There are 2 protein chains.
Amino acid sequence: MAVTEPPERPTQRDIARRAGVSTATVSYVLSGRRGGAKPPPEETRQRVMRAVAEVGYQVDHAGRSLRRRRSDLVALMYPAPSSPWSDRLAEQMQEAAAERGLGVVALPMSDSAAGEALLRVLRERYVDGAVLLPDCPVDPDEIAVLARQGLSLVVFDDDLDPDGFDVVRQDRGRACREAVEHLVAAGHRRIAYLGHPGEDRWRSARSVKLRSYRQVLQQHGIGAAPDLVLPVADSRPDAYAAVRELLRRAEPPTAVVSATDRAAIDAVWAARDHGTAVPGGLAVTGIGNIPEGLVIKPSLTTVGAREFDFSAQVARLFERLDAAAPLPGEVMAARWELIVRESA
Amino acid sequence: MAVTEPPERPTQRDIARRAGVSTATVSYVLSGRRGGAKPPPEETRQRVMRAVAEVGYQVDHAGRSLRRRRSDLVALMYPAPSSPWSDRLAEQMQEAAAERGLGVVALPMSDSAAGEALLRVLRERYVDGAVLLPDCPVDPDEIAVLARQGLSLVVFDDDLDPDGFDVVRQDRGRACREAVEHLVAAGHRRIAYLGHPGEDRWRSARSVKLRSYRQVLQQHGIGAAPDLVLPVADSRPDAYAAVRELLRRAEPPTAVVSATDRAAIDAVWAARDHGTAVPGGLAVTGIGNIPEGLVIKPSLTTVGAREFDFSAQVARLFERLDAAAPLPGEVMAARWELIVRESA
DNA sequence: CTGAAAGCGCTTACAG
DNA sequence: CTGAAAGCGCTTACAG
């Protein structure tokens with residue numbers, strides 16, 4: 001009968017014993033660090049490295065980070081589901097982090113309790129810093145608290161003021177309103193909205209898209225018909241089906257504004273497949289400016305940042321991480337714009 | 001001149017002092033745990049909780065996890081960019097994890113050194129367990145080592161045998177070959193392949209899609225024309241442009257198999273926009289079976305799992321985490337199938 | 001019922 | 001040049 005060995009992870013003590021040195025020397029060899037002093041001589045280094053290889057030693061993160069008071073890890077928090085923008089930001093963060101020997105974890109935030117659980121990663125200092133993309137369900141008050149406790153934070157938010165963390169302003173409300181204005185100016189009165197599920201129950205900073213839609217319609221005396229607001233923007237199949245259904249109504253809308261480009265693109269396909277011309281029969285506007293919007297026919301009118309690039313924001317996060325003393329908060333711009341193409 | 005206060009995180013010592021108790025009591029109150037003994041009386045509990053609230057205490061993950069030898073965190077490693085499947089799995093993992101008070105971090109693996117840096121999260125025991133989706137550039141040998149050291153692992157892989165970790169078999173090679181066979185059986189001889197960038201340099205387990213394509217063509221004596229293999233499957237704009245270019249050639253292909261459904265869908269659009277009938281003028285097969293493939297016209301023929309559900313695999317991960325003694329490895333099935341719809 | 005103490009695995013200022 | 005020792009913030013078996 002085979003005895004199940006308890007899983008064993010070798011520690012620096014094991015390495016030290018094996019190499020006939022102290023744990024201090026092991027640590028010095030492994031880290032390369034050594035205050036100002038000279039590193040251990042080559043012969044010692046070899047002995048340690050051999051022992052490391054023999055037992056397959058890997059440093060233990062808990063021990064190291066407790067001692068060093070840093071985890072060498074940063075997080076990217078973004079609203080689920082992921083998007084080309086969150087993917088791109090993750091990629092850029094990973095590249096910048098890798099240069100410094102840091103790692104990046106992604107935290108896709110859902111609305112559920114499971115999303116809330118992810119905040120633990122920030123609260124319990126699992127990471128040294130984070131970028132927070134807009135529409136994450138995080139209490140704004142908590143952000144300042146986290147920053148005050150030394151977490152490096154770059155936060156995409158149009159309402160929050162910097163306070164020991166940096167804020168990236170996108171001015172999403174203005175841009176979204178411009179998109180709806182664009183439709184109204186073209187004569188549209190029956191304008192549907194494809195929104196996020198639950199969006200009307202979100203706190204105001206998160207529901208900026210829906211609010212912009214309602215606000216502009218109201219300003220123009222257009223009653224927002226509740227049956228034109230559909231929570232399908234996070235699912236392509238749902239969006240497609242919803243728009244097909246809209247077009248079959250007795251009084252179909254003449255325009256659609258969608259909280260996501262993904263759903264907007266499916267709205268375009270639904271219209272095309274229904275034999276409705278875009279924008280002639282149905283004008284379509286997205287929000288987000290994903291690359292895919294450029295290649296559909298007609299190309300997608302949308303709202304978003306023009307540059308598919310976060311290097312300035314990523315650089316700022318690492319600047320903050322590297323800073324000896326806490327940096328005051330700074331405002332950065334990454335303005336959203338109305339990008340008029342062919343679909344509206 | 002304002003003095004910049006060093007960021008201060010209160011510790012349990014601070015709480016203990018403030019509440020006039022020992023750190024042991026603070027820990028007992030906070031964790032609710034208490035061996036077999038009775039929990040502290042309500043009055044003590046109140047005092048501690050008040051102090052916690054006053055200073056905004058949050059447990060420190062490094063200290064806790066060093067002592068408890070577990071992080072209460074699991075990871076999902078998946079090949080970047082994200083997909084509806086990786087999003088779905090992340091969501092299901094989060095729900096199951098939240099029920100147990102655990103958190104989930106996502107690790108999008110790229111091919112670069114930055115991707116390699118993510119392995120640190122597993123190697124250094126940043127997490128207690130992980131699900132590894134296929135096509136992650138992880139050395140198979142290392143997986144067994146990690147498992148032996150106590151990391152709970154559920155690995156999607158068609159080649160690896162379970163060995164202290166569980167393996168989910170999808171039989172992707174067979175399914176991909178069936179898709180190409182399907183095209184050949186329909187009489188296609190000029191079949192293009194939209195692949196991942198760098199796919200021909202990947203180790204064999206990762207390049208199963210490209211190999212399946214080449215293998216079936218060869219079996220049927222069809223020479224694979226190198227100019228029909230295009231590395232555009234990870235970018236929708238690239239895929240669209242590539243297929244448009246293919247269709248403009250003197251001798252355009254009559255079929256396309258794409259390593260991703262995303263690119264396959266753009267291939268369908270490109271054909272439609274070019275005035276080429278699908279599947280009449282161009283048959284299109286995807287790989288992956290994303291929900292979007294159901295709503296395009298014509299609906300997408302593809303290869304993938306039928307059920308958009310990972311609950312069995314997720315349950316297994318947590319079973320493994322909960323197990324008192326190391327569990328032997330198990331093989332689970334989540335077979336990919338050829339799903340013939342309208343596009344081929 | 002509560003607290004003093006040990007110790008998880010590391011790093012690093014310090015002594016020799 | 002190297003090692004003994006302290007200590008990061010927790011948890012928990014144990015003594016009182």
Side-chain angles (χ1 to χ4, degrees), chain A residues 6-48 52 55 57-73 101 120 123-126 128 149-150, chain B residues 6-48 52 55 57-72 120 123-126 128 149-150:
Chain A
E8 286 286 338
R9 261 177 81 80
T11 70
Q12 290 193 0
R13 276 187 69 203
D14 299 320
I15 303 300
R17 207 149 26 205
R18 232 186 154 83
V21 295
S22 71
T23 61
T25 299
V26 173
S27 179
Y28 289 136
V29 167
L30 288 175
S31 71
R33 254 180 274 109
R34 187 63 175 85
K38 277 211 222 149
E42 187 56 21
E43 204 271 327
T44 310
R45 217 188 65 79
Q46 295 270 343
R47 272 218 314 286
V48 171
V52 165
V55 303
Y57 171 80
Q58 296 281 355
V59 77
D60 181 273
H61 168 261
R64 175 202 295 247
S65 73
L66 175 58
R67 177 59 222 244
R68 303 197 65 204
R69 301 279 65 213
R70 53 184 303 164
S71 69
D72 287 339
L73 220 60
R120 250 192 47 204
R123 288 196 193 114
E124 302 184 0
R125 290 306 292 265
Y126 219 85
D128 297 329
Q149 293 181 350
Chain B
E8 285 287 336
R9 263 177 78 83
T11 70
Q12 290 193 359
R13 276 188 69 203
D14 299 320
I15 302 300
R17 208 151 24 208
R18 228 185 156 86
V21 296
S22 72
T23 60
T25 300
V26 174
S27 179
Y28 288 134
V29 167
L30 288 175
S31 70
R33 253 180 275 108
R34 187 65 176 90
K38 277 211 223 152
E42 186 57 19
E43 204 271 326
T44 310
R45 215 188 67 80
Q46 294 270 344
R47 272 216 316 287
V48 171
V52 164
V55 302
Y57 171 79
Q58 296 280 356
V59 76
D60 180 273
H61 168 260
R64 177 203 293 247
S65 71
L66 175 58
R67 177 60 222 241
R68 303 198 65 204
R69 303 278 65 213
R70 54 185 301 164
S71 69
D72 286 339
R120 251 193 44 204
R123 290 197 192 114
E124 303 184 359
R125 291 305 292 266
Y126 221 89
D128 298 329
Q149 294 182 349

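Since the model is a prediction, treat every value here as computed from it, not as a measurement. Chain letters run A, B, ... following the sequence lines, proteins first and then strands; every chain starts at 1.
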**Q** In terms of relative ring orientation, are B:His61 and A:Tyr126 parallel, tilted or perpendicular, with 30° and 60° separating the classes?
**A** tilted
**Q** At under 4.0 Å between heavy atoms, how does the protein contact nucleotides 4-10 of chain C? Give one character per nucleotide, 5' to 3', with B, S or -.
**A** B-BBBBB
**Q** Under the side chain to side chain contact (heavy atoms under 4.5 Å, CB included) rule, collect the residues that match up with B:Thr23, sequence neighbours excluded.
**A** B:Arg13, B:Ala16
**Q** Can you name the side chain to side chain donor-acceptor pair (under 3.5 Å) partners of A:Arg123, sequence neighbours left out?
**A** A:Glu116, A:Glu142
**Q** Taking only residues two or more places apart in sequence or in another chain, which ones pass side chain to side chain contact (heavy atoms under 4.5 Å, CB included) with A:Glu42?
**A** A:Arg45, A:Gln46
**Q** In chain order, what residues pass the salt bridge (Lys or Arg N to Asp or Glu O under 4.0 Å) check against A:Asp72, with sequence neighbours excluded?
**A** A:Arg68, A:Arg70
**Q** Please list, chain by chain and in numerical order, all residues satisfying side chain to side chain contact (heavy atoms under 4.5 Å, CB included) with A:Ser31, sequence neighbours excluded.
**A** A:Arg33
**Q** Taking salt bridge (Lys or Arg N to Asp or Glu O under 4.0 Å) as the test, write out the residues that go with A:Arg67, two or more places apart.
**A** none
**Q** For the pair made of CG in A:Leu30 and P in D:dT2, what is the distance, rounded to whole Å?
**A** 15 Å
**Q** Who passes salt bridge (Lys or Arg N to Asp or Glu O under 4.0 Å) against B:Arg18, sequence neighbours left out?
**A** B:Glu54
**Q** According to a 3.5 Å limit on both distances, what stems of 3 or more consecutive Watson-Crick or G-U pairs are formed with DNA chain D?
**A** C:1-3 with D:14-16, C:5-12 with D:5-12, C:14-16 with D:1-3
**Q** What contact category does A:Ser65 fall into here, base, sugar-phosphate, or nothing, at under 4.0 angstrom with non-hydrogen atoms?
**A** nothing
**Q** Students often get this wrong, so: under 4.0 angstrom with heavy atoms, is B:Thr44 touching a base, only sugar-phosphate, or nothing?
**A** sugar-phosphate
